[in-house]
2 protein chains.
Amino acid sequence: MRYTPAGVPVVSCIVGHVSRQTENGVERDVECELPAVALGDMARQLGVARCDWMVEATGFLAAKSKRSRAPVLHITNIKFLEGIDNGFQTEGSR
Amino acid sequence: MRYTPAGVPVVSCIVGHVSRQTENGVERDVECELPAVALGDMARQLGVARCDWMVEATGFLAAKSKRSRAPVLHITNIKFLEGIDNGFQTEGSR
């Protein structure tokens with residue numbers, strides 16, 4: 001975790017996604033990775049997560065910088081789906 | 001418009017996004033660009049669009065290739081929002 005000059009906590013990570021989707025009537029496997037960032041309370045929640053935890057992250061896409069238009073996911077809501085096989089879901093540890 | 005070896009129409013484009021979002025309690029301007037692709041009927045619909053048309057595109061993110069994990073938006077639904085100031089919305093021209 002790092003901090004902005006104003007002392008706001010910031011956590012950066014890469015979110016991986018794997019699923020099956022239907023495109024043009026054909027089912028296919030889908031994978032992708034997206035750089036993501038969380039600020040403030042979201043950063044504190046994300047900061048306790050392990051790299052292999054399954055999460056449901058929602059937010060908005062914004063360009064990485066003025067020069068790089070590549071999308072970064074700004075996480076505004078996160079739900080930990082760890083231990084999915086025993087049905088245990090955490091609303092994000094405080 | 002190009003075609004796959006199997007003759008499926010494919011249209012590639014860059015989707016630009018501009019909006020205001022709230023992050024960590026602060027409102028901010030957001031911009032980003034995302035490479036996008038449409039296949040089959042979606043390609044035919046997207047193929048008639050002009051670059052400056054406003055659209056509402058939904059779909060899924062998938063890695064560009066096995067080597068490049070950068071996300072590409074695969075459009076599975078598109079709604080043309082052109083002429084928004086006179087309230088005219090097109091459900092996609094056939």
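Only this structure's heavy atoms are used, side chains among them; waters, hydrogens and symmetry mates stay out. The model shown is predicted, which means the values in this text are computed figures rather than measured ones. Naming convention: chains lettered A, B, ... in sequence-line order (proteins, then strands); numbering from 1 in each chain.
- Listed for the B:Thr4 side chain is a donor-acceptor partner under 3.5 Å among the backbone atoms of B:Val8.
- For B:Ser19 and B:His17, the side-chain atoms include at least one donor-acceptor pair closer than 3.5 Å.
- Contact record, B:Gly47 with B:Met1: CA-CE, 4.2 Å, taken as the closest heavy-atom pair.
- Within the 4.5 angstrom heavy-atom criterion, only side-chain atoms of B:Leu34, from C-beta onward, approach chain A.
- With a 4.5 angstrom heavy-atom cutoff, A:Val72 does not touch chain B via any of its atoms.
- Using the six-membered ring where Trp is involved, A:Phe60 and A:His74 have ring planes that are parallel, under 30° apart on the 30 and 60° scheme.
- The candidate with the highest count of non-hydrogen atom pairs below 4.5 Å against chain A, out of B:Leu61, B:Thr76, B:Val18, B:Ile75, is B:Leu61.
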